[in-house]
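Here the structure comes first, spelled out in structure tokens, and everything after it is commentary.
None of the values given here were measured: they were computed from a predicted structure. Below, each value reflects all heavy atoms present in this structure, side chains not excepted, and no hydrogens, waters or symmetry copies.
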Amino acid sequence: MDTYIEEVWPKTDAEYPPNLNQTLRFFVGAMQSRARASFLLLQANSYWESEIVLRSLLEAVVKCLTFARRKDVDALLEQFWVELQASSDRKTALKAAMAQELMAEGSEDHSIFADLQNPEWFSIEPASNKQRRRSLDHQWSLPELVRKLMDESETTEPVAGLDAMLHSYGLQSEITHVSSKYYDLLWDRMIRGAELEALEDTHYCRQMTDALFLTAFSIVLSLQRLNVDKAKLNRPIEIAEKFSKLAKPYREEFARIRRPD
């Protein structure tokens, strides 16, 4: 996939804040690195840890699609790279101030936390903009981004069915936050009998299929937004479909074990 992207992705001069081309490429790169990390974790039978990584991949997917399909892309670029950055720097400064109080004055750590509050080094917005920060956080929350991507009035073309990923995202959040639901999932695995191996095989296949298809879909929509020739857009989906065919027997075997004739 790396070679394909290098060949077809339109070249652009580096800018800061990044332009649309760079922004889409940034998110695609994030998805690729997370897909690779998920694969390595699955190879080590770390199914739950892989779900945590896939949660981050889903966030990259939704943000990528936001820039690939939303109408107000210039305003979104300004929000993401400038306003959200200033909001993030303000939050960092507030936490750094609390940590600084615990450090001996004149120590290196005290100096570092002081630097994180320096408005000349970071784009720290005024503390009075708390309501604005809350509004931005809401606008860029995953459920809100998904909602707008499915809204015809907000997009160049709505992404139908995108809200289906909220189920996986919800479970992945439970795992990430080590909730009681995560314990239920662990308990379910522990009490499985003869079907455990088939269950783990299909869990592996589902995660890899999700990572491949979501990344491929995002690449295609990004390239469409960048006006790449349609004839060059087939490869990502072909790769994902190839793996899906390989995974099909494992899914069918688990279904057979769960519902024997």
Side-chain angles (χ1 to χ4, degrees), residues 1-2 4 27-28 30-65 142-143 145-147 149-150 159-221 233-261:
M1 193 76 82
D2 289 344
Y4 165 80
F27 286 118
V28 167
M31 283 179 262
Q32 289 179 285
S33 66
R34 283 151 180 75
R36 283 191 288 266
S38 176
F39 173 73
L40 291 173
L41 287 166
L42 289 171
Q43 292 297 99
N45 297 325
S46 297
Y47 302 101
W48 307 117
E49 289 70 24
S50 174
E51 292 283 13
I52 294 170
V53 174
L54 288 180
R55 180 180 184 270
S56 179
L57 186 146
L58 287 183
E59 292 181 347
V61 166
V62 172
K63 289 175 182 175
C64 183
L65 296 180
L142 188 130
L145 291 176
V146 167
R147 184 188 70 79
L149 280 167
M150 297 178 64
V159 185
L162 189 62
D163 55 349
M165 71 165 54
L166 293 176
H167 170 70
S168 293
Y169 184 79
L171 285 177
Q172 289 159 355
S173 296
E174 300 283 1
I175 296 166
T176 300
H177 301 307
V178 198
S179 70
S180 59
K181 182 63 177 179
Y182 174 41
Y183 185 86
D184 287 345
L185 294 170
L186 295 175
W187 179 261
D188 176 73
R189 285 292 166 93
M190 189 173 71
I191 63 176
R192 291 280 181 167
E195 67 179 5
L196 177 61
E197 182 177 353
L199 170 61
E200 290 184 335
D201 286 344
T202 197
H203 191 185
Y204 176 107
C205 292
R206 194 271 300 163
Q207 290 190 65
M208 285 300 300
T209 302
D210 282 356
L212 287 169
F213 268 108
L214 288 170
T215 300
F217 182 62
S218 300
I219 290 171
V220 171
L221 264 61
L233 302 181
N234 296 327
R235 183 62 177 155
I237 301 299
E238 288 174 354
I239 292 173
E241 288 179 341
K242 184 176 181 179
F243 179 83
S244 182
K245 289 178 181 178
L246 293 173
K248 185 177 179 181
Y250 296 97
R251 295 194 297 267
E252 291 177 342
E253 174 63 10
F254 180 61
R256 184 190 67 77
I257 293 174
R258 287 187 64 206
R259 298 184 178 85
D261 295 332

Beyond-backbone contact of [X] with [Y], side-chain heavy atoms, under 4.5 angstrom:
{"X": "V61", "Y": "M165", "value": "yes"}
{"X": "L42", "Y": "M208", "value": "yes"}
{"X": "R189", "Y": "L199", "value": "yes"}
{"X": "Y169", "Y": "V146", "value": "no"}
{"X": "T176", "Y": "Y182", "value": "no"}
{"X": "L65", "Y": "F217", "value": "yes"}
{"X": "D210", "Y": "L58", "value": "no"}
{"X": "L171", "Y": "H167", "value": "yes"}

Please check if the side chain of [X] supplies one atom and the backbone of [Y] the other of a donor-acceptor pair under 3.5 Å.
{"X": "T215", "Y": "L212", "value": "no"}
{"X": "S50", "Y": "S46", "value": "no"}
{"X": "T209", "Y": "C205", "value": "yes"}

To the nearest 0.5 Å, what is the distance between [atom1] on [X] and [atom2] on [Y]?
{"X": "K181", "Y": "W187", "atom1": "NZ", "atom2": "CH2", "answer": "15.0 Å"}
{"X": "L185", "Y": "H203", "atom1": "CG", "atom2": "NE2", "answer": "8.5 Å"}
{"X": "S218", "Y": "K63", "atom1": "OG", "atom2": "NZ", "answer": "13.0 Å"}
{"X": "M150", "Y": "L145", "atom1": "CE", "atom2": "CG", "answer": "13.5 Å"}
{"X": "L149", "Y": "D163", "atom1": "CG", "atom2": "CG", "answer": "11.0 Å"}
{"X": "R256", "Y": "E195", "atom1": "CZ", "atom2": "CD", "answer": "11.0 Å"}

* With sequence neighbours excluded, what pairs up with R34 under the salt bridge (Lys or Arg N to Asp or Glu O under 4.0 Å) test? -> none

[atom1] of [X]: more than 12 outside heavy atoms within 6.0 angstrom?
{"X": "Y4", "atom1": "OH", "answer": "yes"}
{"X": "H177", "atom1": "NE2", "answer": "yes"}
{"X": "E197", "atom1": "CD", "answer": "no"}
{"X": "R235", "atom1": "CZ", "answer": "no"}

* Is any NZ, NE, NH1 or NH2 atom of the basic residue among E59 and R55 found under 4.0 Å from an Asp or Glu carboxylate oxygen of the other? -> yes

* side-chain contact (heavy atoms from CB on, under 4.5 Å) between Q172 and L54: does it pass, once the steps are laid out? -> CA-CA 8 Å; Q172 289 159 355; L54 288 180; 3.7 Å; yes

* Worked check of side-chain contact (heavy atoms from CB on, under 4.5 Å) between Y204 and Q43 -> CA-CA 9 Å; Y204 176 107; Q43 292 297 99; 2.8 Å; yes

* To do: Please report the C-alpha distance between D2 and R36 in whole Å, then the side-chain angles of each, then the deciding distance to 0.1 Å, and finally whether the salt bridge (Lys or Arg N to Asp or Glu O under 4.0 Å) criterion is met.
  => CA-CA 12 Å; D2 289 344; R36 283 191 288 266; 3.6 Å; yes

* Begin from the C-alpha positions of D201 and E253 and carry the test side-chain contact (heavy atoms from CB on, under 4.5 Å) through to its verdict. => CA-CA 9 Å; D201 286 344; E253 174 63 10; over 6 Å; no

* So, for S38 and V53, which heavy atoms are closest and what is the spacing to 0.1 Å? -> N-CG1, 4.2 Å

* To do: Measure across P236 and A216 and return the closest heavy-atom pair with its distance rounded to 0.1 Å.
  => O-CB, 3.4 Å

Distance-only donor-acceptor hits, side chain of residues 238-250, under 3.5 Å, sequence neighbours excluded:
none

